[in-house]
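One structure below.
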Amino acid sequence: MKLLSTAAAVLLSVAPFAVTARSIDFFNSQSPISTNGIPVKGDNPLEYCANPSGDVLEIKKVDLSPNPPLPGHTLTIEASGTLKEPIEKGAYVLLEVKYGLITLIRQKADLCDQLTNVDLECPLDKGDLVLTKQVDLPSQIPPGKYTVHADVMSVNDERITCLDARNIEFKRGSLF
């Protein structure tokens, strides 16, 4: 279970800097995650789910160290961006984590509750944001390919950002 919270932490850590306007039908969909292949600037495995030009959050850069993340190591996340509008209580994240083709998590989470994981809190003011966070990854992460998808929406269902981390692979014996 700690793996799931770790995967969620990776995307939720950058959630203040990245979502697409999708209906709640997201939870009823069994179609595979797809992306437009627009990479997020920086040293990371992130891609935008859709063209980010209309997003509330303009992500300037996201760096992960190490990249790719390694089981049993500390993951350092450094991100920066600019909010075009304030983020108020009621904003939310639609999160999906897959292990291969198996969906491990599909949930709607309160963004403001999740921001405490990255030492931020609502409301977030319009303007520049900078984030540095360290996450200790458990050494027991099962080997395989993981995909994480996060739609971040405002209280008014405006896209804040939408991010995918695709094919994050943990290999057996990658602890050292």
Side-chain angles (χ1 to χ4, degrees), residues 1-20 33 35 37-49 52 55 57-83 87 91-122 124 128-152 160-176:
M1 282 312 259
K2 189 156 185 175
L3 164 65
L4 303 181
S5 62
T6 300
V10 170
L11 271 178
L12 291 176
S13 295
V14 296
F17 307 105
V19 134
T20 68
I33 295 173
T35 67
I38 303 170
V40 173
K41 291 180 183 176
D43 187 15
N44 66 73
L46 300 173
E47 295 179 342
Y48 294 101
C49 308
D55 290 356
L57 175 68
E58 177 187 338
I59 300 173
K60 294 179 183 173
K61 185 177 180 181
V62 177
D63 289 323
L64 301 182
S65 179
N67 182 24
L70 298 171
H73 289 79
T74 299
L75 174 65
T76 301
I77 304 160
E78 295 178 349
S80 62
T82 302
L83 284 172
I87 303 300
Y92 59 95
V93 179
L94 300 175
L95 178 67
E96 183 176 63
V97 179
K98 289 188 172 189
Y99 176 73
L101 297 175
I102 300 167
T103 299
L104 299 175
I105 296 176
R106 184 178 286 152
Q107 69 181 31
K108 180 177 180 179
D110 184 286
L111 177 62
C112 294
D113 290 345
Q114 301 305 314
L115 286 176
T116 60
N117 295 327
V118 292
D119 305 322
L120 296 173
E121 60 184 48
C122 284
L124 290 174
D128 293 335
L129 290 172
V130 177
L131 166 77
T132 301
K133 183 68 178 176
Q134 292 188 328
V135 179
D136 292 325
L137 299 179
S139 58
Q140 305 85 1
I141 296 174
K145 290 186 179 181
Y146 295 82
T147 303
V148 183
H149 174 85
D151 283 326
V152 186
I160 297 171
T161 191
C162 182
L163 295 176
D164 285 325
R166 301 176 52 95
N167 294 322
I168 299 171
E169 186 169 7
F170 291 102
K171 296 181 181 180
R172 190 173 307 281
S174 63
L175 295 175
F176 306 102

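One is the number of the first residue; the rest follow in order along the sequence. All values below were derived from every heavy atom in this structure, side-chain atoms included, with hydrogens, water molecules and symmetry-related copies excluded.
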Side-chain touch N117/K133, heavy atoms, less than 4.5 angstrom: no
Atom pair CD1 (I87) and CD1 (I160), whose distance is rounded to the nearest 0.5 Å: 3.5 Å
Heavy-atom closest contact (T74 atom, P66 atom, distance): O-CD, 3.5 Å
Atom pair CD/CG of E58 and D128 - distance to nearest 0.5 Å: 9.0 Å
T76 OG1 to L64 CG distance, which is reported to the nearest 0.5 Å: 9.0 Å
Nearest-0.5 Å distance, CG of residue L95 to CG of residue L111: 11.5 Å
Interatomic distance, D55 atom CG to T82 atom OG1 [nearest 0.5 angstrom]: 13.0 Å
Test log, rule side-chain contact (heavy atoms from CB on, under 4.5 Å), inputs L94 and K108: CA-CA 5 Å; L94 300 175; K108 180 177 180 179; 3.8 Å; yes
Closest heavy-atom pair and its distance - K60, K41: O-CB, 3.4 Å
Whether Y92 side chain and D151 backbone form a donor-acceptor pair below 3.5 Å: no
Main-chain N/O of R166 paired with D164 side-chain donor or acceptor, under 3.5 Å: no
Min side-chain heavy-atom separation L137-H73 under 4.5 Å: no
Test item: H149 and C49 side chains (from C-beta on) under 4.5 Å apart, heavy atoms: yes
Closest non-hydrogen atom pair, P39 against G37: CD-O, 3.1 Å
Within-4.5 Å side-chain heavy-atom neighbours: T103 and K98: yes
Y146 and F170 aromatic ring geometry - parallel, tilted or perpendicular at 30°/60° bounds: perpendicular
Distance (rounded to the nearest 0.5 Å) between L163 CG and E47 CD: 10.0 Å
Side chain to side chain donor-acceptor pair (under 3.5 Å) partners of S65, counting only residues at least two apart: none
Minimal non-hydrogen separation, I168 against A165, with atom names: CD1-CB, 3.5 Å
Non-neighbouring partners of D43 that pass side chain to side chain donor-acceptor pair (under 3.5 Å), sequence neighbours left out: N67
Single hit among V118, L115, V62 for side chain to side chain contact (heavy atoms under 4.5 Å, CB included) with L131: V118
Whether over 12 other heavy atoms sit under 6.0 Å from E121 CD: no
